[in-house]
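Structure record follows, encoded as structure tokens.
We name chains A, B, ... by the order of the sequence lines, and we start the count at 1 in each one.
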Amino acid sequence: MKDDVLISVQGLKKYYNNGKVKALDGITTDIHKGEVVVVIGPSGSGKSTFLRSLDLLELPTSGKIIFDGVDITDPKTDINLHRRKMGMVFQHFNLFPHMTVLENMTAAPRKLLKKTKEEANEKAMTLLGKVGLTDRADAYPSQLSGGQKQRIAIVRALCMEPEVMLFDEPTSALDPEMVGEVLDVMKALAAAGMTMVVVTHEMGFAREVGTRVIFMDEGKIIEQNTPELIFGAPQSDRLKSFLNKVL
Amino acid sequence: MMPVRGAIARIGRSLREGKTMSFEKLKELFILNFVEKQRWKYLVEGLGNTMLITLFAVLLGVAIGIVVASVRSTFDKEQETLKRRGGFGYFILSVFNGICKVYITVIRGTPVVVQLMILYFIILASSRNDLLVAVLAFGINSGAYVAEIIRAGIMSIDNGQFEAGRSLGFGYIKTMTYIIIPQAFKNILPALLNEFIALLKETSVAGYVGIMDLTKAGDTIRGVTYSSFMPLTAIALIYLLIVMILTKLVSVIERKLRKNER
């Protein structure tokens, strides 16, 4: 397992207000190829900050993130090249409202990977087929339901053929009846072998799909283990009390 | 001057005698103020200058506004990244940002007529091209407002849009051009046209430095005929007509933009 590390996080810290607020207080962990890492924890525990740091949407105060053998926290690294290989899915979807579904999906491959319109469209239509939304290709985001939007957001990221997919509370903004359709897409993705890091409140998903669960609180990793052990035999008091509240 | 004096005396007498303004009197006033000695030519010249000043001032204002707004928005969004990268990038951008801030504060904090006079009588006192000075003064003035309109339009777009663009691998400039600006444009354009309307009316102070704009033209006629009603009403109506046409245009464009929003 040692040599297939995809992302190596080393002593990651993120402070606000000159260190008064410690959003991340020394995170160290390795994410291996094919892993589905689920990050759980109370709100304000820093789990979203951690995830967003992996894509450098949050700039860390100190520490390193090695992705594909490159230190992406080094200011000299061209982060745009590495972001192409990391797919990000947001809580609020963030589809581009002025573009159709197809345009949303093909903009980055065409402009950044210099794919032809035909190539990009073909790839996009294949992916739309996988999430059952081929008939929505020419719709605008405002014409879609929340669940549809999030499925589109996932396949939009997949159009760049990323090596890892990052999910920031992907079901938190959805109506309850739409959570299932999004989780199904994520499960299929995990089954296909995609490396995933998922911040979520869906404990069922964590238990069923996760290969590892990280429990965070106050900017630190308190406990990490297989889902069976995290949910079946929690060690720390903080994890126990957290699970008592959410399960 | 004699026929003028005579006409004025007649009108004055009729008003004193409490007679209502008949159609005949209005016709007389009209002829006096606009037809005699081809005084309407003042209005045509004035209107031409007003339009000329406004048009070029708007172009200059938009050009300045785009540059200033780009500097300010880039500084707001990218300062953290640039600071990390070190080197001259951050230093240069923060200097430019500072200059832009001072420019906006000074321009928005002083009356446009004062700015016009400072430019005309002090900074460009040697210039013989009055219209150019006016274009510069109103353009520089408008630029500050346009910059803030554009910046507000960019800031009104949810940061999630920006993050989504960046997370796909688009750089700062590409994210702006493909994702942020097309959306911000819908907010910016109507506000920009309103600024154009406001500027048109603001140019009426150009007479302070002796430029024959529409207002000055009306005032000039008033000065020779000693008759205020006709020339002042006429210029008011001309401004109103232009503004109403432009306002109509703004609402048509606004409706079109909203229709595209699905």
Side-chain angles (χ1 to χ4, degrees), chain A residues 51-52 54-62 73-100 103-113 138-144 152-153 156-162 165-166 168 173, chain B residues 74-94 150 153-190 253-262:
Chain A
L51 189 85
R52 289 161 53 79
L54 296 181
D55 207 15
L56 247 56
L57 290 177
E58 301 282 349
L59 294 169
T61 311
S62 67
T73 50
D74 183 344
K76 288 184 191 74
T77 307
D78 182 0
I79 184 60
N80 297 326
L81 291 176
H82 296 278
R83 279 184 178 141
R84 293 179 190 177
K85 295 186 253 171
M86 299 173 137
M88 183 88 176
V89 176
F90 300 88
Q91 184 179 352
H92 295 288
F93 332 124
N94 295 347
L95 294 179
F96 307 132
H98 60 301
M99 297 182 188
T100 64
E103 286 164 353
N104 260 281
M105 295 174 67
T106 56
R110 286 178 62 190
K111 308 278 188 208
L112 299 175
L113 304 181
D138 296 317
Y140 280 86
S142 61
Q143 298 166 318
L144 304 172
I152 299 294
R156 176 176 71 179
L158 288 176
C159 277
M160 291 298 281
E161 295 172 5
M165 286 286 285
L166 311 173
D168 188 7
Chain B
T74 307
F75 184 79
D76 286 348
K77 291 235 185 234
E78 286 288 281
Q79 56 172 318
E80 223 184 321
T81 316
L82 286 169
K83 213 186 276 179
R84 268 167 48 94
R85 206 172 292 159
F88 272 117
Y90 176 74
F91 175 73
I92 290 169
L93 191 64
S94 56
I150 295 176
I154 289 170
M155 291 297 161
S156 72
I157 304 301
D158 180 44
N159 199 40
Q161 291 290 313
F162 191 78
E163 288 187 343
R166 298 306 302 266
S167 78
L168 285 168
F170 286 110
Y172 173 80
I173 293 170
K174 282 183 177 160
T175 305
M176 278 293 167
T177 42
Y178 296 134
I179 295 156
I180 305 298
I181 305 285
Q183 294 183 59
F185 190 69
K186 287 178 187 175
N187 302 339
I188 293 171
L189 193 61
I253 288 171
E254 266 183 329
R255 214 175 315 133
K256 278 235 168 89
L257 288 176
R258 209 164 298 145
K259 210 180 278 175
N260 290 343
E261 211 167 77
R262 272 170 279 193

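- One distance of note links CD of B/E163 with CD of A/E58; it measures 7.5 Å at 0.5 Å rounding.
- Between the A/R83 side chain and the A/L56 main chain, a donor and an acceptor come within less than 3.5 Å of each other.
- Contact of A/F96 with chain B is made through backbone and side chain together, with heavy-atom distances under 4.5 Å.
- Relative to the six-membered ring of B/Y172, B/K77 misses at least one condition, a distance below 6.0 Å or an angle of at most 45° to the axis.
- Of the two parts of A/L95, only the backbone, made up of N, CA, C and O, holds a non-hydrogen atom closer than 4.5 Å to a non-hydrogen atom of chain B.
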Inset, instruction - List the steps and the verdict of side chain to side chain contact (heavy atoms under 4.5 Å, CB included) for B/D76 and B/M155. - result: CA-CA 10 Å; B/D76 286 348; B/M155 291 297 161; 3.5 Å; yes
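- The part of A/M86 that comes within reach of chain B is its backbone (N, CA, C, O), which places non-hydrogen atoms under 4.5 angstrom from that chain.
- For A/R156, the parts lying near chain B are the backbone and the side chain together; criterion is any non-hydrogen pair under 4.5 Å.
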